[in-house]
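Here the structure is a predicted model, which is why all the values come from computation and not from measurement. For ligands, and for the atoms within them, numbers begin at 1 and follow the listed sequence.
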Amino acid sequence: MPSGPVRVAIVGTGGIARVHAGALRPGAALVAAADVDAGRLAAFAVEQGVRATYRDLDEMLRDARPDLVHICTPPGAHCEQALRCLRAGVSVLVEKPPVISLREFDALAAAEGDAGPWLASVYQHRFGGAQRRLKGLAGDGALGRPLLAVCHTTWFREQAYFDVPWRGRWDSEGGGPTLGHGIHQMDMLLDVLGDWAEVRAIARRQARRTRTEDVSMAHVTFASGAVASVVNSVLSPREESYLRFDFEGASVEVTHLYGYGDEDWRITPAPGWEVPGAPGAGVPSGHRAQFAEVLACLAGGRRPPVPPAESRRTLSLVAAIYAAAFTGRPVTPPDLGPGSPFYERMDGGLAPW
Ligand SMILES: NC(=O)c1ccc[n+]([C@@H]2O[C@H](COP(=O)([O-])OP(=O)(O)OC[C@H]3O[C@@H](n4cnc5c(N)ncnc54)[C@H](O)[C@@H]3O)[C@@H](O)[C@H]2O)c1
């Protein structure tokens, strides 16, 4: 358990690393940064006031002795880097998607220790006050049974977005909008509705020159019996992130793009039902909200959120959408175990293009 501020290091000093650095304080000291690109590393170090910079992760782990490493590199690098940290006894907070296959995920989870080092995943939209409240109300049964849900990530990325070398490839990005973009909303969906039981899906390349899909659509059945429609797109000029939960007792909706506040949520009670409590808790979703909890847990010697079992469940829904889309068959959790091509790679080697 760290005695002073949690000593944080960041590996990968691109776009999201800046969000991480800005969302850290208080409770943490950003003590080091690493990147393979010397120019990016130097620019980040100057901007963020980081004194210790490294081109090599192992050297950083040895010299800077961080308590926590934030992995902000492209998805294909996450597993190997997180493994190196965990094997050096250092906890990791891995950006989404945590890894690019279920096999990689299981290898990482197995490298945790009982009392740390820990593997935590960035899913920052779980941590807004309104999502927390919804989860509590749903868990308490205050809204009745969950019946149906809508989970739409309809975003827009121009062709130039895919010019970045790691994007749009199964081996480096791991997938298209199902893995890279819609995963946030799907994580919120699962956070409230729990385990999925069956998935039917299609995935298409409609418009972008990319190796992955640029749109997917799925019907998901949950263990509770609830059903959900899931859409993941990077082709939608009017961009939106939309979640709708229809419980027996209320419809609960959120419309946002990359983060929500209380004002983005609507609750419509069914006739004869009342929804208890205040509309929100004043905490917007985002890295800041998640990091505050991660740092408090580490400072207290406790496992930080989001834990592997929940992170894996979200990744497994993504894998199920690809598996259902590329085999044309309904997929259940046992279909994705070791031995399935979709355990090894998100496309299972079976993308039809
Ligand atoms: N949570 C969110 O809302 C959110 C938003 C954007 C991106 N992300 C995720 O953050 C990660 C990074 O995305 P980004 O947009 O910052 O990418 P980026 O391309 O802007 O930055 C990646 C950085 O990693 C460095 N890098 C690449 N390979 C490396 C290696 N092996 N070792 C060390 N450094 C290496 C690159 O030089 C670059 O500076 C991705 O997993 C992405 O999906 C999450």
Just jot down the ligand 1 atoms closer than 4.0 angstrom to any heavy atom of [X], in number order.
X: H287; value: 1 (N), 2 (C), 3 (O)
X: H184; value: 1 (N), 2 (C), 3 (O)
X: P75; value: 40 (C), 41 (O)
X: T13; value: 23 (C), 39 (O)
X: P74; value: 22 (C), 24 (O), 26 (N), 27 (C), 28 (N)
X: D37; value: 37 (O)
X: G14; value: 16 (O), 20 (O), 21 (O), 23 (C), 39 (O)

ILVMFWY cluster membership beyond V150 - transitive side-chain contacts under 4.5 angstrom: Y242

So between [options], whose heavy atom ends up nearest [atom]?
atom: atom 40 (C) of ligand 1; options: T73, D35, V94, I100; value: T73
atom: atom 34 (N) of ligand 1; options: V36, V99, V122; value: V36
atom: atom 1 (N) of ligand 1; options: H20, R167, E95; value: E95
atom: atom 2 (C) of ligand 1; options: M60, R18, Q290, Q124; value: Q124

Nearest protein heavy-atom contact for [atom]: which residue, which atom, what distance?
atom: atom 30 (C) of ligand 1; result: Q81 NE2, 3.3 Å
atom: atom 6 (C) of ligand 1; result: I16 CD1, 3.6 Å
atom: atom 12 (C) of ligand 1; result: C72 O, 3.3 Å
atom: atom 20 (O) of ligand 1; result: G15 N, 2.9 Å
atom: atom 38 (C) of ligand 1; result: R40 NH1, 3.2 Å
atom: atom 9 (C) of ligand 1; result: K96 O, 3.4 Å

Value rounded to 0.5 Å, distance of CZ in R145 from CD in E248: 5.0 Å

From CA spacing to verdict: side chain to side chain contact (heavy atoms under 4.5 Å, CB included), F222, V227: CA-CA 6 Å; F222 285 83; V227 290; over 6 Å; no

Flag if over 12 foreign heavy atoms under 6.0 Å of CD, E274: no

Whether over 12 other heavy atoms sit under 6.0 Å from R211 CZ: no

W196 versus S316, side-chain donor and acceptor atoms under 3.5 Å: yes

Test item: side-chain donor near acceptor, S251 and T268, under 3.5 Å: no

Test: R167 cationic atom under 6.0 Å from Y161 six-membered ring centre, within 45° of axis: yes

Given R126, H256, Q131, H125, the one that forms side-chain hydrogen bond (donor to acceptor under 3.5 Å, both in side chains) with S285: H125

Proximity of W166 to ligand 1 by residue part, where a heavy atom lies under 4.0 Å: side chain

Which segment of H78 sits under 4.0 Å of ligand 1 when only heavy atoms are counted: side chain

Test log, rule side-chain hydrogen bond (donor to acceptor under 3.5 Å, both in side chains), inputs Q81 and T73: CA-CA 9 Å; Q81 293 180 329; T73 47; 2.7 Å; yes

Flag, side chain of E213 to backbone of S233, donor-acceptor distance under 3.5 Å: no

Plane angle bin for H20 and H287 - parallel if under 30°, tilted between 30 and 60°, otherwise perpendicular: tilted

